[in-house]
Asks: 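Here's a structure for you.
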Amino acid sequence: MSVAEIIVDVPTMQTNRPFEYLIPDALTDVVVPGMRVEVPFGRGKRKIQGFVMQVKDSSDFQGKLKPISRVIDLKPVLSQEMLDLSSWLADRTYSFQISCLQTMLPSVMRAKYKQYVIPLVQDNPEVSQLLNGQPTFEITNQIDDETIKLINRLRKNKQVDIQYVVENQAVQVKRQAVTTDLNIIQLHEDKSQLRANAKSQIKLLEFLADNLEQLPVEFNVLEKEYGISRAAIKTAEKNNLVKVVEVTKLRKPVGINPEKTTKLALTDEQQVAVDQISDAITNEIPQTFLIEGVTGSGKTEVYLQTIEKALQQDKTALMLVPEISLTPQMVNRVVGRFGDQVAVLHSGLSNGERYDEWTRIENHDVKVVVGARSAVFAPLDNIGLIIIDEEHEASYKQDDNPRYHARDVAQWRAKVNKCPVVLGSATPSLESRARAEKGVYKLIWMKKRINNQTLPHVHIVDMRDSENSAVKGDFSPALKSGLQETLDKHEQAIVLLNRRGYSSFMMCRECGFVLKCPNCDVSLTYHKDLGKMKCHYCGHEEPVPNICPNCHSKKIGFYGTGTQNIEQQLHDLFPQARVLRMDVDTTRRKGAHAKILQQFGQHKADILLGTQMIAKGLDFPDVTLVGVINADTTLSLADFRASERTFQLLTQVSGRAGRAQKVGHVIIQTFNPDHYAIKDAAKQDYETFFKQEMYLRHQSNYTPYYFTTLISVANQDEGKTLKQSYWLKKQLQTALSKDAILLGPSPTMISRKQNKYYYQIIVKYKHEPQLHQRLLEILNETQADVKSGFTIAIDNEPQHID
DNA sequence: AGCACGCCGACT
DNA sequence: GTCGGCGTGCTC
């Protein structure tokens with residue numbers, strides 16, 4: 001007897017454990033751990049997807065085992081390492097194991113479920129009407145209640161049945177591609193036969209001649225990278241110049257073959273770093289290194305040379321970068337060094353493309369994977385090195401289930417693969433830096449900028465000063481003249497507006513009324529492009545009112561500063577300057593982000609205006625001025641990481657000024673010029689900031705001195721939410737020692753989102769062996785409430801508290 | 001999640 | 001009496 005333990009695709013607490021299924025004789029030796037299978041589940045004829053966790057030859061189950069219906073994959077899609085990882089992850093993040101398994105795979109591998117009504121009788125008028133001449137009727141979630149009732153009744157009376165279909169979306173799509181039988185001489189001959197105005201044909205033949213060894217090449221590559229249209233290819237096909245074939249395997253897109261780069265000579269500091277990490281790779285030591293390297297100290301070269309080391313030893317390497325710095329600049333540097341051994345997992349990929357990249361990795365076609373957070377689950381074998389660049393970035397933590405931190409996953413995989421982890425940052429997170437202090441991580445300093453570039457001159461502008469507070473707009477005289485000077489010298493400037501939450505809202509000057517979202521407890525923000533008021537949480541839209549809905553006064557107007565507003569001010573102050581705005585609105589479209597940066601890089605604009613996203617890892621040699629409009633908005637948040645985030649942001653953005661030969665200037669406008677986060681950022685002095693911040697974290701019992709767990713509770717009914725919160729707190733109290741600190745319940749900063757009320761409880765602790773178990777029990781005990789619209793979320797080591 | 005079972009009220 | 005409302009509990 002062959003039995004499989006299977007995690008089924010039903011994300012609830014009650015089904016969050018393996019279920020046993022019989023492996024039919026025909027599938028013995030076919031069903032192996034890590035494979036997806038289709039199984040019957042429940043009393044009806046429902047079929048769902050499941051993951052095989054284990055295969056064994058006996059079962060303790062008392063009832064009758066059902067057999068596996070069919071296998072979805074021919075070979076396992078998850079290795080034993082990943083299966084083990086999913087168990088650990090589920091436990092650590094308090095999430096369902098099925099959710100963990102699914103996050104490890106490309107989204108197209110998630111099963112799609114469909115239900116069809118199939119007739120059991122021929123002559124029922126109601127059935128005939130429902131089917132409407134079709135053999136089956138698909139049940140979608142748009143079907144009205146009446147029809148659902150009808151189907152249920154017909155089913156009870158055995159007039160119809162319901163068929164469940166598990167669909168696998170992950171099929172390799174066939175793509176059209178071009179190839180040719182002609183050789184290079186024939187191609188040139190044919191080209192010369194063409195009419196001179198057959199531009200596309202000439203272009204196509206030239207391309208083919210240049211890339212003969214790369215054929216076949218996909219249509220979409222030709223279209224996107226070379227502007228050769230489908231029509232042109234068809235014409236060429238008609239004239240027997242080319243052949244059109246279908247390809248399943250994704251070819252490496254020809255266009256993004258960047259110039260090969262070679263190793264750069266290392267500075268002493270870089271050499272030390274490379275040597276230490278290489279040692280750990282060679283000796284297979286799962287040590288975590290923290291490279292604390294100022295901007296421009298050449299961390300990337302260290303990454304590249306250590307990756308090379310891993311490859312030399314026939315190992316693979318994984319490099320994580322924040323989504324936002326996954327720019328062509330960055331990617332080209334890696335691909336330039338390692339060529340087609342690299343797979344890049346960026347957000348610009350379609351789901352199909354992502355699946356193709358995943359397949360390439362899974363097939364061992366690549367040795368290096370570069371990607372954002374989720375790339376930490378890349379199906380690499382024999383990993384020799386894991387790098388996490390900009391280690392402090394909050395985006396490494398996923399903010400919905402499973403709430404994992406890529407750093408933790410990386411360290412887990414490092415242990416299994418016996419390889420080092422390299423964390424790199426100019427402004428490490430407090431916890432990482434503290435671990436380095438304690439010797440848990442090995443600290444590597446890189447204090448010198450390459451070519452001894454000088455650090456930018458930073459000027460802090462006190463906005464409380466009379467000359468500054470008297471100004472109408474948001475630009476102090478100092479920033480204005482700084483910008484003017486930069487423009488005069490034909491150099492470029494970056495203007496940072498801290499946080500988008502600070503954008504325009506509507507307030508009545510007569511009664512103080514603020515226009516708010518009807519579903520969420522936030523003010524609506526004005527979107528100039530839509531000409532509407534919009535909620536950032538639920539997407540609710542409404543027209544801009546011209547009289548106050550409360551007191552009917554006409555004195556309702558915009559307040560606050562958004563990027564659009566600042567852009568207007570820039571136009572008014574410097575009419576001749578070309579301004580590029582980069583924020584959530586202008587970068588919503590895929591690829592828009594890269595396009596804006598490219599334009600700016602080509603000096604097609606003088607000023608780049610934007611939010612946080614312009615602060616990261618960009619390297620524009622002509623930028624000599626960075627202006628920060630409002631340094632303090634992140635400071636005033638009621639979050640224990642507020643200072644850390646402010647410091648990191650200001651340090652990062654200041655690092656953008658004056659690379660290459662030119663001296664950079666940074667002008668920071670603030671209402672808190674004496675705050676240590678701002679003063680230390682101005683001096684680019686991480687160590688001083690670290691000491692001060694550690695002292696304050698110690699005072700207020702926060703990370704890294706204490707562990708934190710955030711539990712948030714939500715319900716449509718505010719009273720119920722509060723009652724549940726207090727019950728929860730009491731439950732926790734009984735499980736915790738006197739040393740633990742229990743805060744709340746308190747309403748979240750946005751206390752109502754999508755018509756649900758949110759309350760949170762914070763647990764701060766040093767050693768609470770009971771806590772984990774108690775939280776799991778609580779999750780189990782609250783199952784009934786979850787069904788009635790109640791939610792409970794547990795965030796282990798939250799990145800922000802709001 | 002989806003389904004059955006079971007217990008209540010208001011209908012032919 | 002019975003049809004159908006939803007609360008509860010189970011799924012290998």
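Each chain gets a letter, A, B and so on, in the order its sequence line appears, and its residues count up from 1.
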Asks: So F61(A), base contact, sugar-phosphate only, or nothing? Heavy-atom distance under 4.0 Å.
Replies: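 Touches a base.
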Asks: Tell me which donor-acceptor pairs under 3.5 Å the side chains of residues 38-50 of chain A have, and how far apart each pair is, sequence neighbours excluded?
Replies:
unit_1: E38(A); atom_1: OE1; unit_2: R70(A); atom_2: NE; d: 2.6
unit_1: E38(A); atom_1: OE1; unit_2: R70(A); atom_2: NH2; d: 2.9
unit_1: K45(A); atom_1: NZ; unit_2: D161(A); atom_2: OD2; d: 2.5

Asks: Separation of K64(A) atom NZ from dT11(C) atom P, in whole Å?
Replies: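 Those two atoms, NZ and P, are 15 Å apart.
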Asks: R46(A) CZ to dA4(B) P: how many Å, rounded?
Replies: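 Rounded to the whole Å, the gap is 12 Å.
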Asks: What integer distance in Å separates K149(A):NZ from dC6(C):C1'?
Replies: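 Atom-to-atom, K149(A) to dC6(C), this comes out as 12 Å.
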Asks: To the side chain of R153(A), which of dA1(B), dG4(C), dC12(C) is closest?
Replies: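 Of the options given, the side chain of R153(A) lies nearest dG4(C).
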Asks: What is the distance from CG of N780(A) to C1' of dG9(C), rounded to the nearest Å?
Replies: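 To the nearest whole Å, that distance equals 14 Å.
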Asks: Not counting sequence neighbours, list each pair that qualifies as a salt bridge (charged side-chain N to carboxylate O under 4.0 Å, His left out) and has a residue in residues 50-66 of chain A.
Replies: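 Qualifying pairs, neighbours excluded: E5(A)-K56(A), E20(A)-K56(A).
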Asks: Please identify each residue that fulfils salt bridge (charged side-chain N to carboxylate O under 4.0 Å, His left out) with K114(A), with sequence neighbours left out.
Replies: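 For K114(A) the salt bridge (charged side-chain N to carboxylate O under 4.0 Å, His left out) partners, ignoring immediate neighbours, are E167(A).
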Asks: Under 3.5 Å, which donor-acceptor pairs link side chains of residues 710-720 of chain A to any protein atom two or more places apart or in another chain?
Replies:
unit_1: N715(A); atom_1: OD1; unit_2: D717(A); atom_2: N; d: 3.3
unit_1: D717(A); atom_1: OD1; unit_2: G719(A); atom_2: N; d: 2.8
unit_1: D717(A); atom_1: OD1; unit_2: K720(A); atom_2: N; d: 3.3
unit_1: E718(A); atom_1: OE2; unit_2: Y759(A); atom_2: OH; d: 3.0

Asks: Could you tell me the separation between the CD atom of Q62(A) and the P atom of dC10(C), rounded to a whole number of Å?
Replies: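 Atom CD in Q62(A) sits about 16 Å away from atom P in dC10(C).
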Asks: How does each nucleotide of nucleotides 5-12 of chain B score, in 5' to 3' order, for protein heavy atoms under 4.0 Å: base (B), sugar-phosphate only (S), or none (-)?
Replies: --------
Asks: Quickly work out the Q783(A) CD to dA1(B) P distance and round it to whole Å.
Replies: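 Atom CD in Q783(A) sits about 10 Å away from atom P in dA1(B).
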Asks: In whole angstroms, how far is the P atom of dC10(C) from the CD1 atom of I48(A)?
Replies: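 So the CD1-P distance, I48(A) to dC10(C), works out to 18 Å.
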Asks: NE2 of H405(A) to CD of E431(A): how many Å apart, nearest 0.5 Å?
Replies: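 Rounded to the nearest 0.5 Å, the NE2-CD separation comes out at 7.0 Å.
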Asks: It should be established whether Q115(A) places a side-chain nitrogen or oxygen under 4.0 Å from OP1 or OP2 of nucleotide dG2(B).
Replies: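 For dG2(B), OP1/OP2 do have a side-chain N/O of Q115(A) under 4.0 Å.
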Asks: List the atom pairs, donor and acceptor, that lie under 3.5 Å between side-chain atoms in residues 125-135 of chain A and the rest of the protein, sequence neighbours left out.
Replies:
unit_1: E126(A); atom_1: OE1; unit_2: R153(A); atom_2: NH2; d: 3.0
unit_1: E126(A); atom_1: OE2; unit_2: R153(A); atom_2: NH2; d: 2.7
unit_1: S128(A); atom_1: OG; unit_2: N124(A); atom_2: O; d: 2.9

